[in-house]
Participant: 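The structure's right below; bear with me while I get my questions together.
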Amino acid sequence: MQEIWVVAETYQGRLAPVTLELVGKARTLASGAGGKVTAVLLGSRVTELASELIACGADTVLVADHPELALYRTLPYARVLTDLIEARHPDVVLFGATSQGRDLAPRLAARLRTGLTADCLDLSFDKDGLLVQTKPSYGDNVMVDIVIPRHRPQMATVRPHVFPAPEKDAGREGRVEVVPVHLEQADLVARVREVIAEVEEASKLEEADVVVAGGRGMGSKENFNLLYQLARALGGVVGATRPPVDEGWIDAAYQIGQSGKTIAPKLYIACGISGAVQHTVGMEKAKVVVAINKDPSAPIFNLATYGIVGDVREVIPALIAALGAHK
Amino acid sequence: MHIVVCIKQVPATLDVRVDPVTHNLIREGTESVINSFDENALEEALRLREKFGGTVSVISMGPPQVREALRKALAMGADAAYLLCDRALGGADTLATAYTLAQGIRRLAPFDLILCGRHAVDADTGQVGPELAERLNLPQVTMVKKLECDGKTIVAWRECEEGTAVWELPLPAVVTVESKINTPRYPSPIGIVRSAKKPLTVWTAKDLDVDEDQIGLKGSPTRVLRLFSPQRTSHVEILPGEPEEAARALVAKLREQKVL
Ligand SMILES: Cc1cc2nc3c(=O)[nH]c(=O)nc-3n(C[C@H](O)[C@H](O)[C@H](O)COP(=O)(O)OP(=O)(O)OC[C@H]3O[C@@H](n4cnc5c(N)ncnc54)[C@H](O)[C@@H]3O)c2cc1C
Ligand SMILES: Nc1ncnc2c1ncn2[C@@H]1O[C@H](COP(=O)(O)O)[C@@H](O)[C@H]1O
């Protein structure tokens, strides 16, 4: 039997979307393999979130509730998880590939001397019950299937938005177990002074349903105003590739891609963007992609659902007008 | 202050394809460079040395051609370079790499700070930094976009899902850095000349006092089953006509798709 664990993440008293996606995926994997899903919930005053994890597919929720766990820090979290994993021997432990998961999972993997696959886009069991972890490599140009044949647990961080959010079933039954937390002085050497909430618009980029992104092809800071107008007409947020950031047309917080943000909006409109892989890794999870570019052979068209070949300075105003006419 | 910077050499271009028949990687060109985030790590180390004095050591595990990357790091301003190079180290995954680097870094003790890149752009794991921190039993902070140091403690700004978290931790520690943290300098002509005289030491597995079961392929829990090309079928529908016509057609399509 496969015992699959998901390490839950919370922000401001709510479960992270990727946690629910992972519990849903673990449920599907476990059902196919006759397994069980356990969610591990760490934090301070988080117990009441357990029922939502059960509704999403967890059989058991292990709750580690302690004031020192209120804000994420590597060492106390690693201590609690090491103790639990060493006592209960799960087969698989999954994390979101978030700033927390990608910090915590490797620390734990090294402590447990086991394998870890980063930033997975898919998970499945092979015929021998090994977890096949599919991850991108070389800026998403290559996909790799990785297994961990002999070491346990098999660990992976999984990119947000790749699995659907599960349907919640409030009637599902599960067990909530509060586990003891033993921290040592050495676990507490790092301190989180504060968390500065990003108040700028940029923080909305990752959550936005519509993103209008501009590239070097926008030509100037003034032309970026067209993007703001289009975004306003669509109820969306503006993003950018790296050149406009380097040129000072827009703040770095709005950069999308390998060294910027990763987004998965319903609609993504690329304006004057060539489609370099360092950019597209950050937006390829968008549902509908529109590309506006004067070069019909620009690689962005390979990723796009709809394309308009033309000058952004003409096409964007026409688009704003067409949206207005439709209302 | 003694700062150790971990540097990985990566292909200059990520334009890589999988051969559909052999399933091997086909690389465009063979040029290699320092992983860009590791240049940020080195730049940060050099700035700290300017402030506190001391030594910057760079260390890498890899094949003999990594000397080139280390020479560039010396030309940028590092004081000494170490290459962990041995056939027995080949095929290492992040766990084995971190173990081997940790054994190398132990030989460089005492040190105050270890800097890594947030991830290597080829495999994109970002695991070696935290795994190294665990092996050296040091605290860590990852994906740092701003760093302050008073010589004894560091304050590190890292992006998290809620915004920016400000961490404070005692030295020695392991820090992995984002590209936002700084702009790496170019080697100056004088730097390049001076670097030729700087020491570049090569250590084999024997020099490192490593446990054979923990290095190379043997010490790697993960196995690559297969490589393949991502499904990138282009289904783009080009909307023709003058801008006005194309724009109207697009709005109609987006309504149809219910994204508007
Ligand atoms: C380590 C590293 C990390 C990186 N990280 C990122 C990252 O996080 N995000 C990122 O975006 N990039 C990143 N880059 C840069 C990336 O490689 C590309 O250089 C960048 O994405 C290109 O941006 P662009 O498409 O806006 O510009 P270009 O590639 O110059 O493309 C401009 C496009 O606009 C079109 N165009 C020009 N004028 C017009 C017009 N009037 N109307 C319509 N179309 C027009 C052109 O046909 C062209 O296709 C990174 C690079 C490196 C090496
Ligand atoms: N072979 C290596 N030699 C030296 N440093 C490395 C090596 N591999 C990874 N690193 C360091 O660890 C960071 C993260 O790498 P990775 O976990 O491979 O994404 C890199 O930015 C380097 O600083």
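To find a chain, count down the sequence lines: A is the first, B the second, and so on, and within it residues start at 1.
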Participant: Does a side chain donor of either B:E131 or B:T94 reach within less than 3.5 Å of an acceptor in the other side chain?
Facilitator: yes
Participant: What distance do B:C6 atom SG and B:L115 atom CG have between them, rounded to the nearest 0.5 Å?
Facilitator: 8.5 Å
Participant: When you compare the side chains of B:K145 and B:T164, does any donor N or O come within less than 3.5 Å of an acceptor on the partner?
Facilitator: yes
Participant: B:A246 versus chain A, heavy atoms under 4.5 Å apart: side chain, backbone, both or neither?
Facilitator: both
Participant: Would you mind checking which part of B:S179 comes under 4.5 Å of any heavy atom in chain A, side chain (CB onward), backbone (N, CA, C, O), both or neither?
Facilitator: side chain
Participant: Is it the backbone or the side chain of A:P296 that comes under 4.5 Å from a heavy atom of chain B, or both, or neither?
Facilitator: neither
Participant: I'd like to verify something: which residue of B:D93, B:V155, B:L132 has the highest number of heavy-atom pairs under 4.5 Å with chain A?
Facilitator: B:V155
Participant: Which region of A:V147, side chain (C-beta onward) or backbone (N, CA, C, O), has a non-hydrogen atom less than 4.5 Å from a non-hydrogen atom of chain B, or is it both or neither?
Facilitator: both
Participant: Chain A heavy atoms under 4.5 Å from B:P240: which part of the residue, side chain, backbone, both or neither?
Facilitator: neither
Participant: Counting heavy-atom pairs under 4.5 Å to chain A, which of B:E242, B:Q257, B:K253 comes out on top?
Facilitator: B:K253
Participant: Would you call A:D145-B:R223 a salt bridge at under 4.0 Å N-O?
Facilitator: no
Participant: Using the side chain to side chain contact (heavy atoms under 4.5 Å, CB included) rule, take A:R73 and A:V192 through it: C-alpha gap first, then chi angles, then the decisive distance, then the call.
Facilitator: CA-CA 7 Å; A:R73 284 179 295 167; A:V192 176; 3.6 Å; yes
Participant: Among A:L116, A:D126, A:D187, A:V210, single out the residue with the greatest number of heavy-atom pairs under 4.5 Å to chain B.
Facilitator: A:L116
Participant: Considering non-hydrogen atoms only, spot the tightest contact between A:H151 and A:G115 and give its length.
Facilitator: CB-N, 4.4 Å
Participant: Quick check for you: among A:A109, A:A118, A:A252, which has the greatest number of heavy-atom pairs under 4.5 Å with chain B?
Facilitator: A:A118
Participant: What part of A:T305 lies closer than 4.5 angstrom to a heavy atom of chain B: side chain, backbone, both or neither?
Facilitator: backbone
Participant: Which of the residues A:A78, A:A110, A:A186, A:S99 is involved in the greatest number of heavy-atom pairs with chain B at under 4.5 angstrom?
Facilitator: A:S99
Participant: With only heavy atoms counted, which part of A:K135 is less than 4.5 Å from chain B, the side chain, the backbone, both or neither?
Facilitator: side chain
Participant: Mind checking the CE-OH spacing from B:M61 to B:Y99? Nearest 0.5 Å is all I need.
Facilitator: 12.5 Å
Participant: Looking at A:K266, A:R111, A:Q154, A:Q100, which makes the most heavy-atom pairs under 4.5 Å with chain B?
Facilitator: A:R111
Participant: How long is the straight-line distance from CD1 of A:I269 back to CG of A:L319, given to the nearest 0.5 Å?
Facilitator: 5.5 Å
Participant: Using every non-hydrogen atom in the two residues, find where A:A253 and A:L205 come nearest and quote the distance to one decimal.
Facilitator: O-CD2, 4.3 Å
Participant: Where on B:L250 is there a heavy atom nearer than 4.5 Å to chain A: the side chain, the backbone, both, or neither?
Facilitator: side chain
Participant: Under the side chain to side chain contact (heavy atoms under 4.5 Å, CB included) criterion, do B:Q65 and B:Q9 qualify, and how do the steps go?
Facilitator: CA-CA 9 Å; B:Q65 57 265 33; B:Q9 194 181 46; 3.8 Å; yes
Participant: When only pairs under 4.5 Å are counted, which of B:E161, B:E237, B:R226 shares the most heavy-atom pairs with chain A?
Facilitator: B:E161
Participant: I'd like to verify something: which residue of A:T74, A:I316, A:V315, A:L267 has the highest number of heavy-atom pairs under 4.5 Å with chain B?
Facilitator: A:T74
Participant: Where on A:V132 is there a heavy atom nearer than 4.5 Å to chain B: the side chain, the backbone, both, or neither?
Facilitator: side chain
Participant: At a heavy-atom distance under 4.5 Å, which candidate from B:E245, B:M143, B:K180 has the highest pair count against chain A?
Facilitator: B:M143
Participant: Do you know which of B:V141, B:V128, B:L169, B:T222 has the most heavy-atom pairs under 4.5 Å to chain A?
Facilitator: B:T222
Participant: Given a strict heavy-atom distance threshold of 4.5 Å, which part of A:T157 is in contact with chain B: side chain, backbone, both, or neither?
Facilitator: neither
Participant: If you measure from CG on B:L95 to OG1 on A:T114, what distance do you get to the nearest 0.5 Å?
Facilitator: 8.0 Å
Participant: Relative to chain A, which of B:Q214, B:R158, B:H119 shows the most heavy atom pairs under 4.5 Å?
Facilitator: B:R158
Participant: Please look at A:L75 and chain B and tell me whether the side chain, the backbone, both or neither of the residue comes under 4.5 angstrom of a heavy atom of that chain.
Facilitator: side chain
Participant: What's the verdict on side chain to side chain contact (heavy atoms under 4.5 Å, CB included) for B:Q140 and A:D103, showing C-alpha distance, side-chain angles and the deciding distance?
Facilitator: CA-CA 9 Å; B:Q140 73 186 53; A:D103 182 83; 3.0 Å; yes
Participant: Hydrogens and angles aside, do B:E44 and B:N182 bring a side-chain donor and acceptor to less than 3.5 Å of each other?
Facilitator: yes
Participant: Does any backbone or side-chain atom of A:D119 lie under 4.5 Å from a heavy atom of chain B? Answer side chain, backbone, both or neither.
Facilitator: side chain
Participant: Heavy-atom cut-off 4.5 Å, strictly under: side chain, backbone, both or neither for B:L260 against chain A?
Facilitator: side chain
Participant: If you count heavy-atom pairs within less than 4.5 Å of chain B, which of A:P265, A:G310, A:P149 leads?
Facilitator: A:P149
Participant: Roughly how far, to the nearest 0.5 Å, is CD of B:E159 from OG1 of B:T142?
Facilitator: 12.0 Å
Participant: Indicate whether any N or O donor in one side chain lies under 3.5 Å from an N or O acceptor in the other, for B:E31 and B:T13.
Facilitator: no
Participant: Under 4.5 Å heavy-atom distance to chain B, tell me which part of A:Q255 shows up: side chain, backbone, both or neither.
Facilitator: neither
